[in-house]
Each structure stands twice: as C-alpha cells, then as structure tokens.
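Notes follow once the structure below has been shown.
Chain letters run A, B, ... following the sequence lines, proteins first, then strands; residues in each count from 1.
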Amino acid sequence: MANSYDRIYAVVRQIPAGTVATYGQVAELAGLMGKPRVVGYALYKVAPEDEIPWQRVINAKGEISTSAFRDGSDDLQRILLEDEGIEFEGNKINLSKYRWQPSPEMIGAIDFGNDDTADSSG
DNA sequence: CAAATGACGTTAC
DNA sequence: AGTAACGCCATTT
C-alpha cells in the first residue's frame, strides 16, 4: 500500500530546517498535483518514528492547521518550527521568507519508491 | 459497494 | 480581506 504516500514522505523529508513547505508544494513535488488532500492525509498517518518533519508542512495560508489529533498539543508544531529559527507573524508564517525553494537537485535527489509505474530507461 | 471523513487549494464575489 | 462553494481522492467504517 502507499504508492503515493512514500513519495510524499520522501519529499517532506527533503524539507530543510528553517523552511516550510505548503501542501501544494509537497504535493506538486510528489507528483500529486491538484491533490493536496492526499498530502495532508499522508502526514496524518505519519508516525513520530517515521522521522518525518511534518512540522515543516503547513497550509497555503501560512498557518498551522492545528488539531488536537497529534501529541495533543497544537502548539507543538509552532514550538518545533520556532526551534528551527522560523518566526511567527502573529499566528502565521511569512511564506515569502520561509517558503521552501525546492532546488532541481533536491527534486532529483528525492527517492520515489515507485512500484510498478514506470520504467526508466529511456 | 456505499457513505462519511479529512493536517488543503483554487476560484469567485 | 473575508466568506462561500467546488474539486480532488485516499483512507476508514
């Protein structure tokens, strides 16, 4: 299971500290264009042992979705981000400053756990 | 299979 | 700047 998931995780893991990426951003890189829902849903299943920096993933509004679904602390994410050096403007983040700029090398460095699709040669 | 849910994005007014 | 509605689909029950 998880054909699209692995991709999402792979992308999210590439997000460097001090930067934040939006769902659309991750989705796009993960090849889930137009399906930001899947990205969020994927992170939903993310476990603290997956070593996935889900905290660096926020919505397009630059806000933290916040939901008492995880560790029970909505602030948790903010705390983690602040610890990375990210500043909060009120309750939002300046995407213009912390927006993760995926470098072409990054995208290529991402290891997509493909199963059947594709074939590469060529 | 069908219905309901969900860490969102985009468009339109 | 804020509200409202649609879209998109994997996961869960």
Side-chain angles (χ1 to χ4, degrees):
Chain A
M1 64 167 64
N3 13 5
S4 305
Y5 275 29
D6 281 6
R7 293 199 194 135
I8 298 169
Y9 297 142
V11 175
V12 177
R13 295 215 286 200
Q14 301 301 337
I15 304 174
T19 52
V20 292
T22 61
Y23 292 85
Q25 181 103 45
V26 176
E28 181 177 325
L29 295 171
L32 296 170
M33 232 179 215
K35 305 205 248 298
R37 303 288 318 197
V38 186
V39 177
Y41 200 96
L43 292 169
Y44 170 85
K45 268 183 32 71
V46 171
E49 59 196 29
D50 283 341
E51 293 184 21
I52 301 203
W54 54 277
Q55 76 244 66
R56 295 185 198 139
V57 186
I58 58 177
N59 55 358
K61 291 184 297 190
E63 292 186 61
I64 303 173
S65 300
T66 64
S67 276
F69 78 103
R70 288 303 280 167
D71 301 310
S73 290
D74 332 347
D75 299 321
L76 177 61
Q77 184 173 38
R78 175 162 177 166
I79 296 167
L80 291 166
L81 290 173
E82 284 185 328
D83 186 49
E84 304 229 349
I86 295 175
E87 277 185 71
F88 275 73
E89 295 188 355
N91 56 340
K92 297 195 297 190
I93 302 176
N94 192 339
L95 293 171
S96 302
K97 286 175 55 178
Y98 299 103
R99 169 82 87 171
W100 174 42
Q101 297 173 10
S103 186
E105 293 188 1
M106 273 281 198
I107 303 171
I110 299 172
D111 175 14
F112 296 112
N114 283 355
D115 282 276
D116 47 341
T117 38
D119 75 69
S120 5
S121 23

Atom [atom1] of [X] and atom [atom2] of [N]: how far apart are they, to the nearest Å?
{"X": "A:I58", "N": "B:dG9", "atom1": "CD1", "atom2": "C1'", "value": "14 Å"}
{"X": "A:Y23", "N": "B:dG6", "atom1": "OH", "atom2": "P", "value": "14 Å"}
{"X": "A:R7", "N": "C:dC9", "atom1": "CZ", "atom2": "C1'", "value": "14 Å"}
{"X": "A:L80", "N": "B:dA7", "atom1": "CG", "atom2": "P", "value": "18 Å"}
{"X": "A:I8", "N": "B:dG6", "atom1": "CD1", "atom2": "C1'", "value": "13 Å"}
{"X": "A:E63", "N": "C:dG2", "atom1": "CD", "atom2": "C1'", "value": "12 Å"}
{"X": "A:E28", "N": "B:dC8", "atom1": "CD", "atom2": "P", "value": "18 Å"}
{"X": "A:L43", "N": "B:dA7", "atom1": "CG", "atom2": "C1'", "value": "7 Å"}

key: Strand contacts (DNA chain C) in residues 29-40 of chain A, 4.0 angstrom heavy-atom criterion   = A:G34, A:K35, A:R37
ask   = From A:I93 CD1 over to A:L81 CG, what is the distance, rounded to the nearest 0.5 angstrom?
value =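 CG of A:L81 is found 5.0 Å from CD1 of A:I93.
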key: A:L76 side, atom CG; A:W54 side, atom CH2 - distance, nearest 0.5 Å   =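 Here the interatomic distance stands at 4.5 Å.
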task = Taking side chain to side chain contact (heavy atoms under 4.5 Å, CB included) as the test, write out the residues that go with A:E82, two or more places apart.
result =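 Partners of A:E82 under the side chain to side chain contact (heavy atoms under 4.5 Å, CB included) test: A:R78, A:F88.
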message = Holding to side chain to side chain contact (heavy atoms under 4.5 Å, CB included), I want the full list of residues that pass it with A:N94, two or more places apart in sequence or in another chain.
response =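 With neighbours one apart ignored, the set is A:E89, A:S96, A:K97, A:Y98.
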message = How close do A:I8 and A:V38 get, counting heavy atoms only, and between which atoms?
response =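 What the structure gives for the nearest pair is CD1-O, 3.7 Å.
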request  = Of all the heavy-atom pairs spanning A:Q77 and A:R56, show the shortest one and how long it is.
outcome  =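 That closest heavy-atom pairing would be NE2-N, 4.2 Å.
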ask   = Quick one: on DNA chain B, does A:Y41 or A:N59 contact a more 5' nucleotide (nearest heavy atom)?
value = A:Y41
With the criterion being N/O to N/O and under 3.5 Å, what pairs connect the protein with nucleotides 11-13 of chain B, and how long is each?
none

query = Can you name the salt bridge (charged side-chain N to carboxylate O under 4.0 Å, His left out) partners of A:E63, sequence neighbours left out?
reply =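 Testing A:E63 for salt bridge (charged side-chain N to carboxylate O under 4.0 Å, His left out), a comparison that skips the adjacent residues, returns none.
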query = From B:dG9, C:dA10, B:dA7, pick the nucleotide closest to the side chain of A:W54?
reply =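 Nucleotide nearest to A:W54's side chain: B:dA7.
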Just distance, no hydrogens or angles: give the donor-acceptor pairs under 3.5 Å from side chains in residues 13-33 of chain A, sequence neighbours left out.
unit_1 : atom_1 : unit_2 : atom_2 : d
A:R13  : NH1    : A:D50  : O      : 3.3
A:T19  : OG1    : A:P16  : O      : 2.4
A:T22  : OG1    : A:Q25  : N      : 3.2
A:T22  : OG1    : A:R99  : NH1    : 2.9

query = Going by heavy atoms in the side chains, are A:I58 and A:L95 under 4.5 Å from each other?
reply = yes
key: Paired stretches of DNA chain B - 3 or more consecutive Watson-Crick or G-U pairs, each distance under 3.5 Å   =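 Listed by first number, the stems are B:2-6 with C:9-13, B:8-13 with C:2-7.
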ring-ring contact (aromatic ring centres under 6.0 Å, His included) against A:Y41, all qualifying residues, sequence neighbours excluded =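 By the ring-ring contact (aromatic ring centres under 6.0 Å, His included) rule, A:Y41 matches A:Y44.
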message = Quiz question: going by heavy-atom distance under 3.5 Å, is there a donor-acceptor pair between the base of B:dA7 and the side chain of A:Y44?
response = no
